[in-house]
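Structure first, commentary second.
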Amino acid sequence: MEWQIGNVKIPNRVVVAPMAGVTNSAFRVICKKFGAGYVVCEMISDRGIMYRNKKTLSMMNVDPVEHPMGIQIFGGSKETLVQAAQFVDTKTDADVIDINMGCPVNKVVNTDAGARWLLDPDKVYEMVSYVVDAVSKPVTVKMRIGWDSDHVYAVKNALAAERAGASAIAMHGRTRKQFYSGYADWNVLKEVADALTIPFMGNGDVKSPEDAKRMLDEVGCNAVMIGRAVLGNPWMLKRTVHYLETGELLPEATPEQKISIAKEHLHDLIELKGDYVGVREFRGQAAYYVKGIPHSARTKAALMEATEEAEMDRLFDELLVKVQDYQRERQAKN
Ligand SMILES: Cc1cc2nc3c(=O)[nH]c(=O)nc-3n(C[C@H](O)[C@H](O)[C@H](O)COP(=O)(O)O)c2cc1C
C-alpha cells in the first residue's frame with residue numbers, strides 16, 4: 001500500500017531502520033531487493049560533514065536502485081545540523097533528510113544531540129524548523145518516546161516536529177534510559193499516531209511479519225520500521241511485505257538461502273569498502289547470518305578471524321555441507 005513522505009512516494013509499508021555500522025549502501029541495496037519500501041542510511045555526523053571527512057562523505061553514496069531512501073544526520077548545534085542538512089539536500093542523491101533525535105549512546109547524547117532534545121519540545125520545534133527552512137527535500141525526525149519513564153513527551157515532541165514542518169516521524173517505543181531493555185511501548189506509539197496528521201512510522205520490537213501486521217493494526221501507523229530483526233535476515237522483509245499484501249506466511253529462509261545472501265552481502269560490502277575494511281566489517285554481520293544454523297558455532301568463531309573474502313566464502317560453503325549432512329542424517333532417522 002503506497003504512502004508518501006512529502007512528495008516522495010513509498011511503495012509499501014515496510015521500512016528498514018537506520019543502523020550504524022549496518023545500513024550502508026551495500027546492505028540497503030540488499031534490503032531493497034528483498035522488497036523494503038524505504039531504507040534509511042546509518043547516522044551521519046554533522047561534524048564529519050562540516051570537516052568534509054573522507055569517510056563520512058563516502059558513507060553518503062547512494063546506489064540508484066535504493067530509491068526511495070533517506071540519509072540520517074545527527075548533531076548538537078543549530079549551525080552544524082543545518083549545514084549538514086544542506087549538504088544532504090544539495091550534494092547527495094538522498095530523497096529524504098532524517099534528523100536523529102533518538103540515539104541513546106553517550107558519544108551522541110553528551111554533545112547535546114540525539115535523544116537529549118526529547119526533554120524539550122521547544123528545542124525539537126526549533127531544530128526541526130531551522131532544518132526545514134534551509135532545505136528543499138522533505139525532512140523527517142526519528143525519536144524515542146522520551147528520555148526516561150518520568151519524561152515521556154512523545155506526543156508533544158512529535159507534534160512540535162510536525163508544526164515545525166517535518167514531513168513524517170519515526171518513533172521507537174523505548175525511552176533513552178531503556179536503551180534496548182524491556183519492551184517498546186506501542187500504546188504510546190498509538191497516542192502519537194492518533195495525534196499526528198503527517199505520516200508516522202512505528203518502531204520497536206517488530207520481529208516477524210505477524211508483529212508488523214499487529215503494529216500497523218494496533219498503533220495505526222502508516223508504516224513499520226524494522227531494525228534488529230533484519231540483521232542477518234533481509235529475507236524477513238520479503239516475508240513481511242508478502243504477508244501484509246496477501247495474509248500468507250512464506251517459510252523462513254533455509255540455511256542455503258541464508259548463506260547465499262551472506263556471501264552476496266559480503267561481496268557487495270567489499271565492493272563498497274575494499275577488501276580490508278569490507279571483510280572486517282562483515283564479521284559482525286556474519287554472526288547474525290549463521291545464528292540459528294545447526295552446528296555453526298565453530299564456523300562463527302572462524303569467520304571472526306577470517307581476513308579474506310575467499311576464506312569467508314570457504315567457511316560458509318563448509319558450513320553448508322555440514323548442514324546438508326546433518327539434514328540428511330535427520331531425514332534418515334525419521
Ligand atoms: C546496531 C544498531 C545500530 C543502530 N543505529 C542507529 C542509528 O544510526 N540511528 C538511529 O536513529 N537509530 C539507530 N538504531 C536504532 C534502530 O533504528 C531502532 O530504532 C531500534 O533498533 C529499535 O527497532 P527494532 O526493535 O526493530 O530493532 C540502531 C540499532 C541497532 C541495533
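Whatever order the structure lists them in is the order used to number ligands and atoms, beginning at 1. Treat the numbers as computed from the prediction; the structure is a model and nothing was measured.
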### Task
Describe, in one word, how the ring planes of F316 and F282 are oriented to each other, choosing from parallel (under 30°), tilted (30 to 60°) and perpendicular (over 60°).
perpendicular

### Electrostatic pair K333:E329 at N-O distance under 4.0 angstrom
no

### Query
Do any nitrogen or oxygen atoms of M43 come within less than 3.5 Å of a nitrogen or oxygen of ligand 1?
yes

### Summary
For M19, the ligand 1 atoms with a heavy-atom partner under 4.0 Å come out as 2 (C), 3 (C), 4 (C), 5 (N), 6 (C), 28 (C), 29 (C), 30 (C)

### Task
Compute the shortest N/O to N/O distance between I226 and ligand 1 and return yes if it is under 3.5 Å, no if not.
no

### Task
Just jot down the ligand 1 atoms closer than 4.0 angstrom to any heavy atom of A20, in number order.
3 (C), 4 (C), 5 (N), 6 (C), 7 (C), 8 (O)

### Message
What I want to know is whether Q72 and ligand 1 share at least one N or O pair that is separated by under 3.5 angstrom.
### Response
yes

### Query
To which of D98, D211, N203 does the heavy atom nearest atom 18 (C) of ligand 1 belong?
N203

### Query
Taking distance alone, with no angle check, do V206 and ligand 1 share an N/O pair under 3.5 Å?
no

### Query
Hey, are D211 and R214 close enough for a salt bridge, meaning a charged N less than 4.0 Å from a carboxylate O?
yes

### Query
More than 12 heavy atoms of other residues, nucleotides or ligands under 6.0 Å from OH of Y153: is that the case?
yes

### Task
Could you tell me which atoms of ligand 1, counted from 1 in the order shown, lie closer than 4.0 angstrom to a heavy atom of H172?
19 (O), 20 (C), 22 (C)

### Task
Could you list which atoms of ligand 1 come closer than 4.0 Å to a heavy atom of A17?
17 (O)

### Message
Testing T80, N100, I97 one by one against I73 for a side chain to side chain contact (heavy atoms under 4.5 Å, CB included), which residue passes?
### Response
I97

### Message
Tell me if the NZ atom of K322 is crowded by more than 12 foreign heavy atoms within 6.0 Å.
### Response
yes

### Message
Looking only at distances, can you tell me whether any N or O atom of R174, backbone or side chain, sits closer than 3.5 Å to an N or O atom of ligand 1?
### Response
no

#### Entry: Ligand-side contact atoms (ligand 1) for residue partner D205, heavy atom cut-off under 4.0 Å
24 (P), 25 (O)

### Derivation of the salt bridge (Lys or Arg N to Asp or Glu O under 4.0 Å) call for D317 and R314
CA-CA 5 Å; D317 291 339; R314 183 180 53 75; over 6 Å; no

### Task
Answer with side chain, backbone, both or neither: which part of F74 has a heavy atom less than 4.0 angstrom from an atom of ligand 1?
neither

### Task
May I ask you to decide whether E218 forms a salt bridge with K190, counting only side-chain N to carboxylate O separations under 4.0 Å?
no

